[in-house]
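Just below is one structure, and these are the notes that go with it.
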Amino acid sequence: MTRANNIAKEHGIGHIERLLAKENPDALIRKKQKRRVGLPDLNNAENRKVVLRFAPNPNGPLTIGHSRGVVVNSKFAEKYNGKLILRFDDTDTKVKPPLLDAYKWIEEDYEWITGRKPDVIIKASERMPIYLKYAQEMISNGFGYVCRCSSKEFKKLRDDGVSSPYRERSIEENLEDWDKMISGDIEEGDAVVRVKTSMEIPNPALRDWPALRIQHRKHPLVGEKYKVWPLLDFQSAIEDHEQGVSHIIRGKDLMDSTRKQKLLYEHFQWEYPETLYWGRVKVFEFGGFSTSGMKNSIMRNEYSGWDDIRLPTIKSLRRRGFNASSLNDFWIDLGLSQKDISISMQTLESFNVKKIDSLTARRSFIREPIEIDLKIEGINPIILKIPNHPENLVEGHREWIIDENNCKIYIEKQDVEKSDKIRLKDFASIKINKKNGNIESMDIIDKRPIVHWLPKNNSRDAILYIPSEKDVLIQEGLLEMKDISEGMICQLERVGFAKIEKIPNTGPIEMIWLHG
RNA sequence: GCUCGUGUGGUGUAGUUCGGUCCAUCAUGCCGCCCUUUCGAGGCGGCGACCCGGGUUCAAAUCCCGGCACGAGCACCA
């Protein structure tokens, strides 16, 4: 290299290039650093079966935040032709008790996001015998022990780096207490099983960490069968090994979890999976939210349910008409970084617009309608064929008929106030005089504003529900009622995308706002 | 307090492993223009960043040291 630089000084860089071209053409390629697209490569993924897992707590349906885990894990599984396990980490009955319905909801949300079923579904609560077996093994081999300190007492010991008085008891004594825990003879909080690590580890979080605790509460799936339940770090570690998980992708708040679990794996002499982390995600529009917080708000009737259009749940996104593949694109674009990030729904919406613009029919929706009488002498009747999509990407068209009996139309108040000369989109340039409209030309004759409009005989009352931070805004108006159906997503011209949710026999059509 | 992690435009990202066409990628956002019978979509152009300070080097976003900022863990929650 030094030699090359000297040559460059004397003969110029061109000389080097010529030399290299002769001697080592490869050195000239790969100069420009390329932009990586999509997911990065996984470490240590060749020559082995890639097994990943997505492990939510079934205490509510999936949120936007969860969807990152679903997308990233499933895309990696796809990339490496591996498999993805959906695992319900439901071993807590006290702080975040499982919600029976949530198991089903999560499976539905998962399928909606990925478009397929998970390869394996595991419910931790149904795998209890395995966890208890390993716990017993741990105690029998002397690398786990029953500690009867209170959590407060242990916290003090841990912070001071002092061993628990129960740490050096005999295996027999430990097994005796273990049996009492199992049989329910020890009350909640009076004993815990710890993994023996070391009290001298610099990181206090890793010192003799708790693996199982006592819970005498009823579990919605397995009832009161078990008195001792594993904590996440233990349960997850055991299950990952049982399932042959090769790669774990988790939040960086779980970095200490990895370290704890590695110490456990050393005891068992297992090989720990490759681990990747991502940072915290905040969604601008939603700020801080938690599943349990949402649950409480719903119970207080602040929201209509988990699919309330103001909530950051997958159910809500589905209801509003988001496309699952834009959610996938969105997360893949964000990729994996350990940075804590703030994202905006705007970005997701932009992905979604690109995805659905070519799929959605155009319809007219007039807010604050003003009725105008069109003067149509001489050109009567008029049959307008307006395509469903300006580039005909959605087949078909709507037919609007205007004749002497049907010459009343609606225009938005705002547009009428803006100018008396306006262009009715797809139709004619008119001049408005009070409540009358005179057609000046069928052609575009000037730069007058182009507005959307609607013949009276094609219109029907409609309500557009728009989610706003805390409220649902209500926009009343008149909707074009040609070829619409419940569940249909359309672009309301000059307004934005919306989903038609309900077409009742009487009363206004109900629509939900998607995005602009 | 102890431990761990992260700093690239308003936001998110690529590049950092292995220093060199990087006066830094792409997207989103914002601004302007064009096109279009939508304020949508599309096209074009513009705005805007390597946390700070040293060091090594011909050369630093990239390596080293020291700051600073932000975040997380230290639960018998997940």
Side-chain angles (χ1 to χ4, degrees), chain A residues 1-2 5-6 8-9 13 31-37 40 55-59 89-97 124 147 149-152 154-155 158-159 161 188-194 201-207 209-215 228-229 231-233 235-236 250-260 277 279-281 284 291-292 329-330 333-344 346-351 353-354 357-358 360 362 364 386 389-391 393 423-429 442-444 449-452 491-497 516:
Chain A
M1 184 52 82
T2 317
N5 283 325
N6 287 334
K9 254 183 206 164
I13 194 78
K31 266 192 173 169
K32 185 91 178 173
Q33 289 165 335
K34 274 179 273 167
R35 176 176 171 78
R36 198 204 75 228
V37 281
N57 178 346
N59 62 340
D89 283 346
D90 58 348
T91 57
D92 171 49
T93 57
K94 185 178 175 183
V95 184
K96 293 176 182 169
C147 175
C149 301
S150 70
S151 58
K152 268 197 187 121
F154 188 80
K155 181 178 166 51
R158 186 201 55 215
D159 289 346
E188 282 188 18
D190 288 348
V192 66
V193 175
R194 294 188 181 283
I201 300 175
N203 185 345
L206 313 186
R207 296 171 188 163
W209 54 272
L212 301 98
R213 82 315 211 171
I214 299 168
Q215 290 185 137
V228 181
W229 288 83
L231 285 144
L232 172 81
D233 292 321
Q235 177 269 125
S236 174
R250 53 167 50 140
K252 67 173 181 177
D253 52 315
L254 258 29
M255 277 183 163
D256 281 347
S257 230
T258 303
R259 298 181 184 106
K260 288 183 201 173
Y277 303 96
R280 279 182 79 85
V281 177
F284 271 136
T291 302
S292 44
D329 294 350
F330 174 71
D333 188 61
L334 286 196
L336 282 172
S337 88
Q338 291 190 30
K339 269 202 292 192
D340 296 326
I341 56 174
S342 288
I343 55 163
S344 163
Q346 268 192 350
T347 311
L348 211 210
E349 289 169 0
S350 155
F351 274 92
V353 170
K354 287 183 178 63
D357 181 75
S358 59
T360 49
R362 271 54 174 168
S364 207
I386 302 169
H389 188 281
E391 284 125 55
L393 298 173
R423 167 101 190 145
L424 300 180
K425 187 174 177 297
D426 297 310
F427 180 36
S429 302
M442 304 303 282
D443 300 317
I444 296 180
I450 298 165
V451 306
H452 65 299
Q491 190 196 102
L492 306 175
E493 298 210 61
R494 295 180 62 228
V495 178
F497 294 88

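A quick note: this is a predicted structure, and the numbers were derived from the prediction, not measured. Here is the naming used below: chain letters follow the sequence lines, and residue numbers restart at 1 for every chain.
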Winner on side-chain proximity to A:Arg494, out of B:G40, B:U11, B:C39, is B:C39

Measuring from the side chain of A:Ala205 (C-beta onward, heavy atoms only), which nucleotide among B:G71, B:G73, B:A78 has the closest atom? B:G73

Answer yes or no: does a side-chain N or O of A:Arg35 lie under 4.0 Å from OP1 or OP2 of B:C26? no

Report yes if at least one side-chain N or O of A:Arg250 is closer than 4.0 Å to OP1 or OP2 of B:G5; otherwise report no. no

Proximity to the side chain of A:Asp92 - top-ranked nucleotide from B:C76, B:U11, B:C77: B:C77

What is the nucleic acid contact for A:Leu232, judged by heavy atoms within less than 4.0 Å: base, sugar-phosphate only, or nothing? base

Base B:U38 paired with A:Arg362 side chain (donor-acceptor, <3.5 Å): yes

Go nucleotide by nucleotide along RNA chain B from the 5' end; which of A:Leu231 and A:Ile343 gets its closest nucleotide reached first? A:Ile343

Considering only B:G40, B:C4, B:A27, which nucleotide approaches the side chain of A:Phe351 most closely? B:A27

Can you tell me if A:Arg213 touches the phosphate of B:A78, counting only side-chain N or O atoms and a distance under 4.0 Å to OP1 or OP2? yes

C1' spacing across the pair B:G15 / B:U62, given as an integer number of angstrom: 9 Å

Among the nucleotides B:U38, B:U13, B:C2, whichever has the atom closest to the side chain of A:Pro204 is B:C2

Determine the contact category for A:Pro56: base if any of its heavy atoms lies under 4.0 Å from a base atom, sugar-phosphate if only primed atoms, P, OP1 or OP2 are that close, otherwise nothing. nothing

Just by distance, do the side chain of A:Glu493 and the backbone of A:His452 share a donor-acceptor pair under 3.5 Å? no

Contact class for A:Cys147 (heavy atom, under 4.0 Å): base, sugar-phosphate, or nothing? nothing

Could you tell me whether A:Val353 contacts a base, only the sugar-phosphate backbone, or nothing, with contacts defined as non-hydrogen atoms closer than 4.0 Å? sugar-phosphate

Of the listed nucleotides (B:G12, B:C74, B:A78), which one gets closest to any side-chain atom of A:Lys96? B:A78

Which nucleotide in the list B:U38, B:G5, B:G12 gets nearest to the side chain of A:Met255? B:G5

Tell me what A:Thr91 touches on the nucleic acid: a base, only sugar-phosphate, or nothing, going by heavy atoms under 4.0 Å. sugar-phosphate

How far, in whole Å, is B:C50 from B:A69 if one measures between their C1' atoms? 16 Å

Tell me, yes or no, whether the heavy-atom count around A:Arg280 atom CZ, taken from other residues, nucleotides or ligands under 6.0 Å, exceeds 12. no

Watson-Crick or G-U pairs under 3.5 Å in RNA chain B, rendered as dot-bracket with [ ] for crossing pairs and | for another strand: (((((((..(((.......[.....)))((((((.......))))))...(((((..]....))))))))))))....

Report which part of the nucleic acid A:Glu188 touches: base, sugar-phosphate, or nothing (heavy-atom distance under 4.0 Å, all strands). nothing

Nearest-nucleotide wise, let me know which of A:Pro202 and A:Asp256 is further upstream toward the 5' end of RNA chain B. A:Pro202

Give me the distance, rounded to whole Å, that separates B:C51 from B:U11 when you measure between the P atoms they each carry. 13 Å

How would you label the contact of A:Arg36 with the nucleic acid (heavy atoms, under 4.0 Å): base, sugar-phosphate, or nothing? sugar-phosphate

Give one of base, sugar-phosphate or nothing for A:Gly189, where a contact means two heavy atoms less than 4.0 Å apart. base

I need the A:Ile386 CD1 to A:Lys425 NZ distance, nearest 0.5 Å. 7.5 Å

Does the base of B:U38 carry an N or O that pairs as donor and acceptor with the side chain of A:Gln491 under 3.5 Å? yes

When you compare the side chain of A:Cys149 with that of A:Arg158, does any pair of heavy atoms fall below 4.5 Å? no

Would you measure the distance from the P atom in B:C31 across to the matching atom in B:C39 and give it in whole Å? 15 Å

Looking at A:Lys260 and A:Asp256, is any side-chain nitrogen of the basic one under 4.0 Å from a carboxylate oxygen of the acidic one? no

Presence of salt bridge, A:Asp357 and A:Arg362, under 4.0 angstrom: yes

Mark yes or no for whether A:Ser429, through its side chain, and A:Asp443, through its backbone, hold a donor-acceptor pair below 3.5 Å. yes

Given the P atoms of B:G48 and B:G10, what is the spacing between them in whole Å? 10 Å

Does the distance from a Lys or Arg side-chain N to an Asp or Glu carboxylate O, for A:Arg213 and A:Asp92, drop under 4.0 Å? yes

Taking atom C1' in both B:G67 and B:A59, compute the distance separating them and give it to the nearest angstrom. 25 Å

Whole-Å distance, A:Asn203 CG to B:C74 P, equals 10 Å

Work out how far the C1' atom of B:C35 is from that of B:A41, and round it to whole angstrom. 11 Å

Looking for any heavy atom pair under 4.0 Å, which part of the strands does A:Tyr277 touch: base, sugar-phosphate only, or nothing? nothing

Could you check which of B:G5, B:A72, B:A78 has an atom nearest any side-chain atom of A:Gln338? B:G5

Give, for atom CG of A:Leu348 and atom CG of A:Asp333, the distance between the pair rounded to the nearest 0.5 Å. 11.0 Å

Quick check against the 3.5 Å criterion: does A:Gln215 have a side-chain atom that pairs as donor or acceptor with the backbone of A:Thr91? yes

Given B:U13, is OP1 or OP2 found less than 4.0 Å from the side-chain N or O atoms of A:Lys339? yes

Look at all strands and tell whether A:Ser350 reaches a base, only sugar-phosphate, or nothing, counting heavy atoms closer than 4.0 Å. sugar-phosphate

Using a cut-off of strictly less than 4.0 Å, decide whether A:Ser337 has a side-chain nitrogen or oxygen near OP1 or OP2 of B:G12. no

Please pick, from B:U28, B:C39, B:G73, the nucleotide with the shortest atom-to-atom distance to any side-chain atom of A:Asp253. B:G73

Does A:Lys354 make a side-chain N or O approach to OP1 or OP2 of B:U28 shorter than 4.0 Å? yes

So A:Ile214 and A:Asp190, side-chain contact (heavy atoms from CB on, under 4.5 Å) or not? Walk me through it. CA-CA 8 Å; A:Ile214 299 168; A:Asp190 288 348; 5.5 Å; no

Given the C1' atoms of B:C44 and B:U36, what is the spacing between them in whole Å? 15 Å

